[in-house]
Each structure stands twice: as C-alpha cells, then as structure tokens.
Amino acid sequence: MGNNPQTAAMNTQAKTIADSIILGCWQLDDRSWKSLTEEDIERTIGTYQAWGVRIFDTADIYGRSERLLGKCLKGRTDCKIYTKAVFFNGLPTPKQIQSKVENSLRNLQRDYLDCLQVHWHNPQLDFAETFKVLNRYLEQGKIHQLGVTNFDTLMLKKALEYAPIQTHQVQYSLIDRRVEKSMQELCVENNIQLLCYGPLAGGFLSDKFLGVKSPPAEGEHARGFYYSNMIAKHGDWQGVQTLLSKMAEIGKKYQFSVSQVALNWLIQQPGVGAMISGLTENRQQIQKNMESLQPLIRSEDIQELSRCSDELFEQVGDIYSYERGV
Ligand SMILES: NC(=O)c1ccc[n+]([C@@H]2O[C@H](COP(=O)([O-])OP(=O)(O)OC[C@H]3O[C@@H](n4cnc5c(N)ncnc54)[C@H](OP(=O)(O)O)[C@@H]3O)[C@@H](O)[C@H]2O)c1
C-alpha cells in the first residue's frame with residue numbers, strides 16, 4: 001500500500017501538536033453528540049488552545065457549531081477555522097453558493113474563510129461550475145484555501161482539473177483504511193494533505209471499550225449511528241475487541257493508552273497532514289490525545305498494528321462509498 005513508515009516517522013518528528021491535531025467541532029452540534037452548554041464549550045476550547053491547538057474544523061451542517069466557534073474564537077487571528085460547504089442534492093446556483101459562503105462568514109464572524117472544504121454527494125453531477133465560483137472567491141481573498149472532503153478517487157482527479165485543492169478530509173483509522181487503496185498515493189503525488197477524521201472511531205478505539213461485550217446502544221449519538229455502522233461495514237465487534245487487545249499490548253511498551261496508539265499510528269501514515277480529533281470535555285482524554293505523538297511508535301510495531309487490522313477488517317469500495325450508497 002505504498003507505506004514507508006520510516007520516512008513517515010522522520011516527517012512526523014518535526015511536527016508539533018499545532019500542526020498535527022485539528023480540533024473537530026461536530027461535537028458542538030447537540031443533535032448528534034451529547035449536549036454541552038455554551039460555558040462548557042468555551043472552557044473546553046480554551047483548554048485545547050492552552051495545549052497549542054490552533055486549527056478548528058466545523059461545517060455548515062453542524063447545527064450551532066459554526067456560530068459557537070465564531071463566538072469563542074472572535075478576534076483570535078492566531079487560530080484558523082476550516083469549514084465545509086455540503087452540497088447534497090442538485091447543482092447549486094452561483095447565488096446558493098454565495099449564500100453558503102456568506103452564511104459561514106457571518107457565523108464565524110470573519111472577513112474570509114481560512115479553508116472551505118467541499119462535500120459533494122452526487123458524483124454523477126459535474127461540479128465544474130461550482131468550483132468556478134469558488135475560484136473567484138479565492139482570487140478575491142474571501143476564501144484563503146480550498147479543500148474537499150469525502151471525494152472518491154475519480155472525483156478528486158476531476159476536481160484537480162478545476163481548482164487548486166490543498167487538503168482532503170477523509171475518514172481514516174485502524175478500522176477504515178479505504179484511503180490506502182488509491183487516494184493516499186494520489187494525494188501524496190499532488191501535494192494534497194490528508195486531514196483524517198474519526199481517528200478514534202468516535203471513541204471506540206480507546207480503553208473505554210476494551211473488554212466490553214457488545215457495542216452500547218447509543219442511537220442518538222454519533223458513535224452509535226455513524227461509527228457503529230462504519231464498524232459493521234468493515235468487520236464486527238469481535239474484530240474491534242481483538243484490535244483493542246493488540247493496541248493495548250503494543251501501547252504497554254510505550255506507556256500509551258489504546259487511544260494514544262490509535263493517534264500515533266495514524267500520524268505516521270504517508271500523506272497524513274493532520275488528524276481531526278473530535279472535541280471531548282474530559283480533561284484527561286484531552287491530555288492523553290495531546291500527549292499521544294511522542295515518542296513515535298517504532299516502525300515494526302506500526303507494521304504489526306497494520307497487519308492486525310488487515311486480518312480483521314475488510315476495505316470495500318473507495319472513499320465514502322457505502323455512505324453514498326454505492
Ligand atoms: N467530513 C466528514 O464527513 C466528517 C465526518 C465525521 C467527522 N468529521 C470531523 O472530524 C472530527 C473528528 O471526528 P470524530 O469526532 O468523529 O472522531 P474521533 O476523534 O474519533 O471521536 C471523538 C470522540 O471520541 C471520544 N474521545 C476523545 N478522546 C478520547 C480519548 N482519549 N479516550 C476515549 N474517548 C475519547 C470523545 O467522545 P466522548 O468523550 O463522548 O466519549 C470524542 O467526542 C469531527 O468533530 C468533525 O469535525 C468530518
């Protein structure tokens with residue numbers, strides 16, 4: 001799979017937390033995660049900033065997330081906010097694109113978007129015109145950087161003809177490694193940074209779930225509906241348990257918890273620019289995540305983890321294939 005852990009490890013050595021960990025703020029959407037008060041959110045964002053986090057990920061479709069982030073980070077020119085424009089159905093008109101961009105600018109209380117990541121649900125529709133409009137915003141300085149999220153290989157190849165894509169946000173963890181089939185290589189070749197979401201599979205890849213007989217019924221919570229579904233597409237709960245045991249075993253050598261092993265493995269994969277770690281208000285969990293990259297796990301153990309994942313999980317389809325229903 002084009003993996004050279006030694007080179008990847010050397011690249012990673014020079015990275016700081018501020019480069020490597022983006023704070024995922026889907027969790028501010030109280031429709032999909034546990035409900036946090038605005039005070040909790042402000043305090044928690046402050047904790048992450050104190051740890052050195054400077055990039056925050058949100059989306060137009062994450063409920064109150066953009067608005068609350070805008071409020072918490074008002075005037076913080078040292079912090080960047082990456083948001084998304086999600087196009088679910090038909091082709092958007094230039095007016096609809098404009099209103100999306102202006103809505104995000106208003107919510108975030110900023111004059112420009114640091115990075116706009118396009119999610120495009122229907123690959124049958126040609127998105128050339130949409131990128132034409134977004135390119136104009138780039139030229140005008142309303143958007144500083146363009147990215148995409150959940151594009152499959154063909155879609156990304158096409159997008160590269162239309163716009164200067166700098167980042168690609170994809171799901172990537174020891175369970176979901178569809179990116180390794182062809183996307184990783186395409187991104188490396190084109191100098192596109194992979195920004196990886198779900199690095200802990202919503203929290204499943206942690207000591208909290210080691211030895212737990214069956215996945216919790218959390219139907220209202222993203223872990224229950226999004227990540228349980230993801231696990232079922234790649235394998236099963238028994239496979240998750242076997243993987244967690246292997247991660248715990250390797251983690252012991254480095255005094256790492258399971259979640260730290262998950263993050264350390266991920267940052268050492270080729271093309272990974274940063275991990276998008278989903279917000280937690282639990283200070284111990286925050287500390288563990290922030291202290292997960294040093295020391296780097298040695299390449300033989302990284303390979304052992306990859307081998308174990310290969311045996312337990314299937315990688316069917318390209319990026320976002322089953323989510324798109326193909
Ligand atoms: N582009 C897309 O389609 C897409 C899709 C999904 C996500 N995203 C973005 O990526 C971000 C990250 O994804 P994610 O939040 O799903 O991934 P994640 O980092 O795998 O999961 C985050 C959750 O794991 C739990 N957790 C965090 N640290 C932990 C630790 N040390 N030990 C145990 N549990 C821990 C927390 O939940 P508890 O504390 O409640 O257990 C936290 O909310 C999202 O916030 C969003 O910005 C994008």
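The shown structure was predicted, so the numbers you read here are calculated from the model rather than taken from an experiment. The chain is numbered in sequence order, starting from 1. Ligands are counted one by one from 1 in listed order, and the atoms in each one are counted from 1 as well.
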Self-check item: All ring pair (Phe, Tyr, Trp, His ring centres under 6.0 Å) counterparts of Tyr82, not counting sequence neighbours
Solution: none
Quiz item: Does Lys158 make a cation-pi contact with Phe127, if we ask for NZ or CZ under 6.0 Å from the ring centre and within 45° of the axis?
Solution: yes
Taking a 3.5 Å cut-off between nitrogen or oxygen atoms, can you list every pair linking ligand 1 to the protein, with distances?
| unit_1 | atom_1 | unit_2 | atom_2 | d |
| --- | --- | --- | --- | --- |
| ligand 1 | 1 (N) | Thr149 | OG1 | 2.9 |
| ligand 1 | 1 (N) | Gln169 | OE1 | 3.1 |
| ligand 1 | 3 (O) | Asn150 | ND2 | 2.8 |
| ligand 1 | 8 (N) | Tyr62 | OH | 3.4 |
| ligand 1 | 13 (O) | Gly198 | N | 3.3 |
| ligand 1 | 15 (O) | Gln27 | NE2 | 2.6 |
| ligand 1 | 16 (O) | Tyr227 | OH | 2.4 |
| ligand 1 | 19 (O) | Gly278 | N | 2.9 |
| ligand 1 | 20 (O) | Pro199 | N | 3.4 |
| ligand 1 | 20 (O) | Leu200 | N | 2.7 |
| ligand 1 | 20 (O) | Ala201 | N | 3.2 |
| ligand 1 | 20 (O) | Gly202 | N | 2.9 |
| ligand 1 | 24 (O) | Gly202 | O | 3.4 |
| ligand 1 | 24 (O) | Gly203 | N | 3.4 |
| ligand 1 | 28 (N) | Asn289 | ND2 | 3.0 |
| ligand 1 | 31 (N) | Ser259 | OG | 3.4 |
| ligand 1 | 31 (N) | Asn289 | OD1 | 2.9 |
| ligand 1 | 34 (N) | Lys208 | NZ | 3.1 |
| ligand 1 | 34 (N) | Gln285 | OE1 | 3.4 |
| ligand 1 | 39 (O) | Thr280 | OG1 | 3.2 |
| ligand 1 | 39 (O) | Gln285 | NE2 | 3.1 |
| ligand 1 | 40 (O) | Lys34 | NZ | 3.3 |
| ligand 1 | 41 (O) | Lys208 | NZ | 2.5 |
| ligand 1 | 41 (O) | Arg223 | NH1 | 3.0 |
| ligand 1 | 43 (O) | Gln27 | NE2 | 3.1 |
| ligand 1 | 43 (O) | Leu279 | O | 2.8 |
| ligand 1 | 45 (O) | Gly24 | O | 3.4 |
| ligand 1 | 45 (O) | Cys25 | N | 3.4 |
| ligand 1 | 45 (O) | Trp26 | N | 3.2 |
| ligand 1 | 45 (O) | Gln27 | OE1 | 2.8 |
| ligand 1 | 47 (O) | Cys25 | N | 3.4 |
| ligand 1 | 47 (O) | Asp57 | OD2 | 2.7 |

Exercise. Group every Ile, Leu, Val, Met, Phe, Trp and Tyr by side-chain heavy-atom contacts under 4.5 Å, then state whether Val212 and Phe204 land in the same group.
Key: yes
Quiz prompt | Residue Asn89 excluded, over 12 heavy atoms near CG under 6.0 Å | solution = no
Quiz item: So, do Ser32 and Trp26 sit near enough that their side-chain heavy atoms are less than 4.5 Å apart?
Solution: yes
Quiz item: Counting heavy atoms not belonging to Glu291, are there more than 12 under 6.0 Å from its CD?
Solution: yes
